[in-house]
Engineer: 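There's a structure below that I have some questions on.
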Amino acid sequence: MTIFADMITLDDIRKPVTAELEALDEFVDRQFTAEGELLSDMLRYALSARGKGIRPMLVMLSAAMNAPVKGAAAGRRACLAAMLVEMIHVASLIHDDVIDEADMRRGKPSANARWPSHKAVILGDYILAKNMNIGLQSGQFDLVTHVCGSMAALCEGEVLQDECAANSTMTRQAYLDIIYKKTASLLGVSASAGALAVGATRDRVATMRRFGEAVGMAFQIQDDILDYTPTAHTGKPANNDLREGKITLPLLSVLDRASDSRRRELLERLSRCHESDEEVEYLRSTVENEGGLSFAAEVMQGYSFPTRRSSDLPPKLINLNIDRFYGTKEKLHLAHRHDVLALCNDLLRDGTFESAGRHREESVRRGELDVPAGQLRQLHRLCRDGHSGGHDAQAHRL
Ligand code: FPP
Ligand code: MG
């Protein structure tokens with residue numbers, strides 16, 4: 001295991017764009033107002049319960065990094081793009097909590113716990129409608145088209161996830177497709193929207209998108225790992241996924257290695273998790289004891305970015321160890337890196353996606369990952385050629 005030296009906090013990463021993010025908060029407060037007491041209350045609640053703002057931060061960092069004049073303030077278009085991605089995210093979580101019947105979000109009662117579910121649905125719709133209106137009225141149609149294209153992917157991911165949970169079926173490809181659609185796509189759109197906002201070339205915009213998507217894949221896998229970790233400070237109850245009958249990567253890796261009869265037994269237990277703490281505990285400890293969490297962590301690492309070795313610098317492994325986003329420590333492990341700006345620069349300069357693929361190939365050779373070579377080549381191709389928009393599920397197969 002690599003020892004990570006220079007730990008930096010999320011605040012360090014955010015620092016170069018603090019002023020822009022403050023301006024964004026003011027912009028959102030000014031724009032997102034509602035008529036009537038109830039809707040105003042609900043909207044204020046939703047806005048005050050926002051998370052750490054990873055998506056707008058990515059927009060602003062990418063805008064700063066790709067701005068024609070170094071260090072120039074990101075400006076109105078970046079602010080608009082950041083608002084669009086953040087409010088899509090906020091609305092999707094309000095809807096998600098209704099679907100999942102979740103009571104808590106970020107340590108506070110969810111909107112559907114505070115108000116009846118149908119009102120929470122309307123709140124999510126209202127936020128989306130306002131978002132779209134503000135976007136269209138701005139006249140920045142390229143940004144609105146770019147960002148709002150991601151909403152369909154979120155819905156597709158949610159439906160696919162629901163179908164898999166209802167049928168207790170899941171494959172590696174379906175899992176990767178789901179997390180791509182429900183998480184990675186919007187992070188990809190965030191990183192690329194920043195570049196688009198400041199007039200970067202199409203190639204740059206596409207590269208930023210791939211970067212954001214890879215961050216998003218790692219982010220969601222880590223989120224799924226944390227769901228198995230009772231001590232994680234995520235603001236959500238532990239083992240939610242098991243209680244909701246969701247098969248995520250840690251459990252999937254155990255199911256994939258189980259005999260047919262054992263697999264049937266585990267799936268039967270999963271179907272009882274919504275009503276039985278004993279079954280939840282049985283599956284949680286099985287996943288832990290049978291290496292499901294460490295397998296998922298390995299896959300997560302595959303989406304992190306080892307950068308080029310060079311004579312003057314020690315090998316750097318930029319490991320987005322996202323559990324540190326949560327709780328009081330809020331740390332990202334970014335070895336020998338001071339902020340995401342530098343990380344993005346490295347990525348573009350060093351052809352880092354190639355090395356990410358190579359790193360994975362080495363891991364396979366050392367027997368650390370059970371990854372078929374053909375699929376690895378597909379990953380290489382994705383990294384080398386990239387893709388702008390859409391998602392080739394094949395390319396994300398492990
Ligand atoms: C959280 O997943 C859910 C999402 C990231 C996406 C939810 C998308 C929808 C409900 C579709 C509607 C889309 C729009 C644009 C309104 P999770 O349940 O695994 O994570 P959690 O543990 O944080 O709830
Ligand atoms: Mg949920």
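FYI, side chains are in, hydrogens and waters are out, and symmetry mates aren't considered; it's all heavy atoms of this structure. In each ligand, atom 1 is the first atom listed, and ligand 1 is the first ligand listed.
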Engineer: L154 near ligand 1, heavy-atom distance under 4.0 Å?
Structural biologist: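 For ligand 1, residue contact (heavy atoms, under 4.0 Å) with L154 is present.
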Engineer: Taking only heavy atoms of C155, which atoms of ligand 1 are found under 4.0 Å from at least one of them?
Structural biologist: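 With C155 as reference, the close atoms of ligand 1 come out as 11 (C), 12 (C), 13 (C).
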Engineer: Say whether I122 and L93 are linked into one hydrophobic cluster, either directly or through other cluster members, by side-chain heavy-atom distances under 4.5 angstrom.
Structural biologist: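 No: no chain of side-chain contacts under 4.5 Å links I122 to L93.
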Engineer: Identify whether the distance between the nearest side-chain nitrogen and carboxylate oxygen of K181 and D177 falls below 4.0 Å.
Structural biologist: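 A salt bridge is present here (some side-chain N lies under 4.0 Å from a carboxylate O).
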Engineer: Record the part of D100 in heavy-atom contact with ligand 1 below 4.0 Å; permitted values are side chain, backbone, both and neither.
Structural biologist: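 Only the side chain of D100 comes within reach of ligand 1.
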Engineer: Between R284 and D227, does any side-chain N to carboxylate O distance fall below 4.0 Å?
Structural biologist: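 Here R284 does not pair with D227 in a salt bridge, since their nearest N and O are not under 4.0 Å apart.
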Engineer: When you check the gap from the basic side-chain N to the acidic O, do D100 and K246 get nearer than 4.0 Å?
Structural biologist: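 Salt bridge flag = yes for K246 with D100.
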Engineer: One thing to verify: whether R257 and E290 come together as a salt bridge, which I'm taking to mean a side-chain N less than 4.0 angstrom from a carboxylate O.
Structural biologist: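 So E290 does not pair with R257 through a salt bridge.
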Engineer: Which atoms from ligand 1 have a heavy atom of H95 less than 4.0 Å away?
Structural biologist: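 Once the distances to H95 are compared, the set is 10 (C), 16 (C).
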Engineer: At less than 4.0 angstrom from any non-hydrogen atom of I99, what atoms of ligand 1 do you find?
Structural biologist: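 Counting atoms of ligand 1 from 1, those under 4.0 Å from I99 are 10 (C).
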Engineer: Taking only heavy atoms of L128 into account, list the atoms of ligand 1 that are under 4.0 Å away from them.
Structural biologist: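 Answer, ordered by atom number: 16 (C).
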Engineer: Any ion pair linking R210 and E213 (charged N to carboxylate O, less than 4.0 Å)?
Structural biologist: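 No.
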Engineer: Is there a path from W115 to I94 through hydrophobic residues (I, L, V, M, F, W, Y) whose side chains come within less than 4.5 Å of each other?
Structural biologist: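 Yes, same cluster.
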Engineer: Is D223 salt-bridged to K182, cutoff N-O under 4.0 Å?
Structural biologist: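 Here D223 does not pair with K182 in a salt bridge, since their nearest N and O are not under 4.0 Å apart.
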Engineer: Hey, does K246 come in under 3.5 Å of ligand 1, counting only N/O atoms on both sides?
Structural biologist: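 In this structure, K246 places an N or O atom under 3.5 Å from an N or O of ligand 1.
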Engineer: What do you reckon, is CD of E101 surrounded by more than 12 foreign heavy atoms closer than 6.0 Å?
Structural biologist: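 No - once you tally the heavy atoms of other residues, nucleotides and ligands closer than 6.0 Å, there are 12 at most.
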Engineer: For ligand 1, is there an N or O atom under 3.5 Å from any N or O atom of E158?
Structural biologist: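 By distance alone, the answer is no.
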Engineer: With only distance considered, is D96 within less than 3.5 Å of ligand 1 through an N or O on each side?
Structural biologist: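 Yes: some nitrogen or oxygen of D96 is under 3.5 Å from one in ligand 1.
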Engineer: Give the numbers and elements of all ligand 1 atoms closer than 4.0 Å to a heavy atom of R105.
Structural biologist: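 What qualifies from ligand 1 is 21 (P), 23 (O), 24 (O).
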Engineer: Using a strict threshold of under 4.0 Å (side-chain N to carboxylate O), is an ion pair present between R269 and E279?
Structural biologist: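 Judged by the 4.0 Å cut-off on N to carboxylate O distance, E279 and R269 do form a salt bridge.
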Engineer: Provide the protein N, O or S atoms situated under 2.8 Å from the Mg ion (ligand 2); waters are not included.
Structural biologist: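 Hits for the Mg ion (ligand 2) below 2.8 Å: D96 OD2, D100 OD2.
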Engineer: Using a strict 4.0 Å threshold on nitrogen-to-oxygen distance, state whether R77 and D142 make a salt bridge.
Structural biologist: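 Yes, charged N to carboxylate O under 4.0 Å.
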